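Here is how names work: the chains are called A, B, and so on, in the same order as the sequence lines, proteins then strands, and each is numbered from 1. Note that the coordinates shown come from a computational prediction; the quantities given were computed from them, not determined experimentally.
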Number of protein chains: 2
Amino acid sequence: MKKTMAEVQVVRPSSDQRESGRLQVLDTIRSAGRIARIDIAQATGFSPATVTAITSELLAAGLIEESSSDDQPSETRRGRPRVTLKLRGKAHRIAGLKVAQRTITMLIVDFEGKTIVDHEMEFPTARVSPTELVDRILKIVDATCRKGGFDRTGLSGLGIGLPGQINSVSNFVHWSSSLLERNVELGALLAQRLPFPVFVDNDANLVAKAEHLFGKGRESRNFLVVTLEFGVGLGIMIDGEVYRGQRGCGAEFGHTKVQLHGALCQCGQRGCLEAYVGDYALLREANGVTVGEPYTDVAQLVAAARGGDQVAMSIFERAGAMFGMGLANLINIFDPDLIILAGRSHNKRHIFLDAAVTRAMQSVVQVDAPPPEIRTHGWGDLMWAKGAAAYAIEKVSGLTVKDVTRNAS
Amino acid sequence: MKKTMAEVQVVRPSSDQRESGRLQVLDTIRSAGRIARIDIAQATGFSPATVTAITSELLAAGLIEESSSDDQPSETRRGRPRVTLKLRGKAHRIAGLKVAQRTITMLIVDFEGKTIVDHEMEFPTARVSPTELVDRILKIVDATCRKGGFDRTGLSGLGIGLPGQINSVSNFVHWSSSLLERNVELGALLAQRLPFPVFVDNDANLVAKAEHLFGKGRESRNFLVVTLEFGVGLGIMIDGEVYRGQRGCGAEFGHTKVQLHGALCQCGQRGCLEAYVGDYALLREANGVTVGEPYTDVAQLVAAARGGDQVAMSIFERAGAMFGMGLANLINIFDPDLIILAGRSHNKRHIFLDAAVTRAMQSVVQVDAPPPEIRTHGWGDLMWAKGAAAYAIEKVSGLTVKDVTRNAS
DNA sequence: AGAATTATTTTGACAAGTAAAATATTTAAT
DNA sequence: ATTAAATATTTTACTTGTCAAAATAATTCT
């Protein structure tokens, strides 16, 4: 009679061992889209026998299905034809949500990652109290579900991306530019009110996840995502996992120093990269010397630069140089094979992006191996939300795979 | 009859699965020094039964032994007393070797990491041909063995650390400041001439390994090692593994840019950290303005600064500021729990190290969690060699554990 | 001496994975 | 059309690593 409640809910140390095979196969199928069992064996290193066993479990659980697609008859070989497998979209509906400055964007995808509905809501204030944020989230969740013709209970999970320092293990928000308070148990607050699991993470990390699952980082296990929006963000993917550092927060690339005693940053320090390339930094500089009407949007500044305005051109020139320097530093430190530049409106910015990339490549230490590839990827709020959904899909997959019973015959 | 040679030497995909448990236990014992089975179970998550099975194999293989140390009777508890296990030093003799500018330092340790002999040789030229380097290495290997009273065949492995870009998987040297040629198959060249396996890696990575196995990084799985000698090096330990980037080369922290259009670096680019804090950079700057006898050693410059020389003080001031900036950037990106500053003569340099650390801590983005610890660790050439030995121990452990037969009863 | 306590080993069972054989389904050749 | 060859998948029988529970061992406390 000595057992306490705490002792009872002991975690079995072997439980993750079992499901690892299933999860690995599921991930392989996801990243391939359609793939035959024999190729899964090839990709995972499992024997065909094991692949048969695992896939039959996943089939029985309804997570995957045989795809009798006549799209690609592939190279018509001899022998028994391969049966390709794919994720079963209907298995789950999963939501992703991006909290931006004044808008919240949400979208719901199926288990394959195909968008079912999306929705966007505008709010008057950027920074709100925790309870207010929870209310807003509940509101958009219900609104989006209604738009899709179902209700909350039709969802299997929700991923939330917001800027700031977030511990994604505990769904805890150390700090966010969307919240008035520090140290918010956002995950716990939402879990009380929603009938499905909620996963919170820094938005740059979610971009990395999304690129890994659906995007340009699908073939790569080591890549970086640099986001350029209001601020500068960094997602680090190492060996297929998002690297989060010791304290569980995202990498603070934006506050990397690129100039001793440099420009003043939002964070109160000097010489931060963000203080040269962030939206507010560009506007601040322009309005500091312009006598007429002040700029209110970077787009105006871009237009001015395109029109030959010396001040605007000079500002973008320096921003490009600084950003290139930051990129070069990342490359020199990480030696990734791919860097993805993701941002809302890269078309607007490519004036300085191109220069930055060029400069970065020049500033990389020469090796005999080829330098990393740098790709840009335009990201609207919808894509950020999709990143959140991608994260939730991964999490839900992990949870679901645990419940798969082992008696598929 | 269709099988080719390539098909025959197929790698069994399961072979590493078997040994992983053994290796994990071995690593646990190593990092603990002395540890009882029950604590191994605790630390690894294996059940006591499994620990018994694995340790009995390792005992039978002679890799570990029961330590009847009366040193620490520990807290005298009731119940059956724990039997502590430790590595068996006699199991292997392993060598580590550091190639520096004009010296090669080697030391031989036992399997516990205890030094048996060490030896150092001076050479007239810093950069040599591959064959010359191989000859030098063979010479010091034999000399050190002789000093220890045995010969080459008494060794089980050799780790070699040298500066430069090195692929440690293939023991291939892309470039090194010690070699006249690029792209040298150093590992293969040595393997032909030596009766034991050879492992080559970048020296900063080896410091990371050494700190992980024996030093200040023993409790941490995520830490950085910054080396400050002739140049600046960085070793990245992520989740207990040295991160090597996509192309397998070390991180090039020294060529991280800290100033746009900055000082000219050895590498031909401008604004590299190394161009502000490396030995040659300090001397260059001092000699650029001093009219009298030029400085030839950083020690002289340090003395001058201590003596109140304005030029010298100013140089160290800037070096400190730049180095602090570099450190802050690392912290902002990696969020490690520990940074180890390792260098030959930190006593000489602490003038600017202290300032650098202070500045770095000021420049870190504030989180609620405590900032990372920064520790300094003086490293002579002997310690670098020990790092190489640590790396070789790890590799040899991996190889040996594969050969352990499963019939210890 | 006996009870209580803690560490280790033994035992028996089981899950996960494999190799090899069997089966299925196709194309190519006769 | 039939057979052979090729390739994919499944079944079968076995190995291995791991664990829970029981047994055993070696202490201290009473």
Side-chain angles (χ1 to χ4, degrees), chain A residues 2 10-25 34-60 64 66-68 70 73-85 401-402 404-409, chain B residues 1-2 10-25 34-60 64 66-68 73-85 401-402 404-409:
Chain A
K2 259 184 151 182
V10 156
V11 182
R12 269 167 307 170
S14 69
S15 64
D16 53 350
Q17 184 188 344
R18 295 186 185 178
E19 79 218 30
S20 79
R22 282 193 282 262
L23 199 49
Q24 214 180 324
V25 168
R34 298 175 190 283
I35 186 170
R37 278 172 252 254
I38 188 88
D39 293 322
I40 297 175
Q42 167 77 42
T44 58
F46 288 128
S47 71
T50 303
V51 173
T52 291
I54 292 177
T55 52
S56 68
E57 284 173 359
L58 296 176
L59 278 166
I64 62 173
E66 299 196 338
S67 110
S68 51
D70 25 343
S74 72
E75 337 133 30
T76 166
R77 332 175 175 214
R78 347 202 319 179
R80 178 173 174 170
R82 359 187 104 188
V83 182
T84 58
L85 301 170
V401 145
K402 274 186 189 167
V404 173
T405 44
R406 68 184 55 277
N407 45 10
S409 73
Chain B
M1 280 295 280
K2 261 184 149 183
V10 156
V11 183
R12 270 167 306 170
S14 70
S15 64
D16 53 351
Q17 184 188 343
R18 295 186 184 181
E19 81 217 31
S20 81
R22 282 194 282 262
L23 199 51
Q24 214 180 323
V25 168
R34 296 175 192 286
I35 186 169
R37 278 171 252 252
I38 189 88
D39 293 322
I40 297 175
Q42 167 76 45
T44 58
F46 287 128
S47 72
T50 304
V51 173
T52 292
I54 291 177
T55 52
S56 68
E57 285 173 357
L58 296 176
L59 278 166
I64 62 173
E66 299 196 339
S67 108
S68 51
S74 70
E75 336 131 33
T76 165
R77 333 174 174 211
R78 341 197 333 173
R80 177 173 178 171
R82 4 187 100 186
V83 182
T84 59
L85 301 170
V401 145
K402 276 186 186 166
V404 173
T405 45
R406 68 186 54 276
N407 44 10
S409 73

Checklist entry - For the side-chain contact (heavy atoms from CB on, under 4.5 Å) test, which of I35(A), I64(A), I40(A) pairs with V25(A)? => result I40(A)

Checklist outcome for this item: Only residue of L85(A), T55(A), T84(A) satisfying side-chain contact (heavy atoms from CB on, under 4.5 Å) with E66(A) is L85(A)

Next on the checklist: So if I take every side-chain heavy atom of R37(A) and compare against dT9(D), dT18(C), dA20(D), which nucleotide ends up nearest?
Outcome noted: dT9(D)

Next on the checklist: Measuring from the side chain of I54(B) (C-beta onward, heavy atoms only), which nucleotide among dT8(C), dT18(D), dG17(C) has the closest atom?
Outcome noted: dT18(D)

Figure out the [atom1]/[atom2] separation between [X] and [N], and round it to whole Å.
| X | N | atom1 | atom2 | result |
| --- | --- | --- | --- | --- |
| I38(B) | dT9(C) | CD1 | P | 11 Å |
| Q42(B) | dA7(C) | CD | P | 11 Å |
| E57(B) | dT8(C) | CD | P | 17 Å |
| I40(A) | dG17(C) | CD1 | P | 14 Å |
| L59(B) | dT8(C) | CG | C1' | 13 Å |
| E66(A) | dA8(D) | CD | P | 15 Å |
| L23(B) | dG17(D) | CG | P | 14 Å |
| R82(A) | dT25(C) | CZ | P | 17 Å |

Detail all sub-3.5 Å separations between protein N/O atoms and N/O atoms belonging to nucleotides 12-14 of chain D.
none

Item to check | Smallest separation among heavy atoms of A41(B) and S47(B), with atom names | outcome: CB-C, 4.2 Å

Checklist entry - Which pair of heavy atoms, one from T44(B) and one from Q24(B), lies closest together, and at what distance? => result O-NE2, 3.7 Å

Using nucleotides 27-30 of chain D, report all nitrogen or oxygen pairs with the protein that are shorter than 3.5 Å.
{"residue": "dT27(D)", "atom": "O2", "partner": "G79(B)", "partner atom": "N", "Å": "3.2"}
{"residue": "dC29(D)", "atom": "O4'", "partner": "R78(B)", "partner atom": "NH1", "Å": "3.3"}

Next on the checklist: Assuming nearest nucleotide by heavy-atom distance, tell me which of T52(B) and S47(A) is located more 5' along DNA chain C.
Outcome noted: T52(B)

Next on the checklist: Quick check against the 3.5 Å criterion: does R22(B) have a side-chain atom that pairs as donor or acceptor with the backbone of V401(B)?
Outcome noted: yes

Checklist entry - When rounded to the nearest 0.5 angstrom, what distance separates CD1 in I54(A) from CG in L59(A)? => result 12.0 Å

Checklist entry - NA contact type, V51(B), heavy-atom cut-off 4.0 Å: base, sugar-phosphate, or nothing? => result nothing

Checklist entry - For T50(B) and dC19(D), is the shortest distance between a side-chain N/O and OP1 or OP2 below 4.0 Å? => result yes

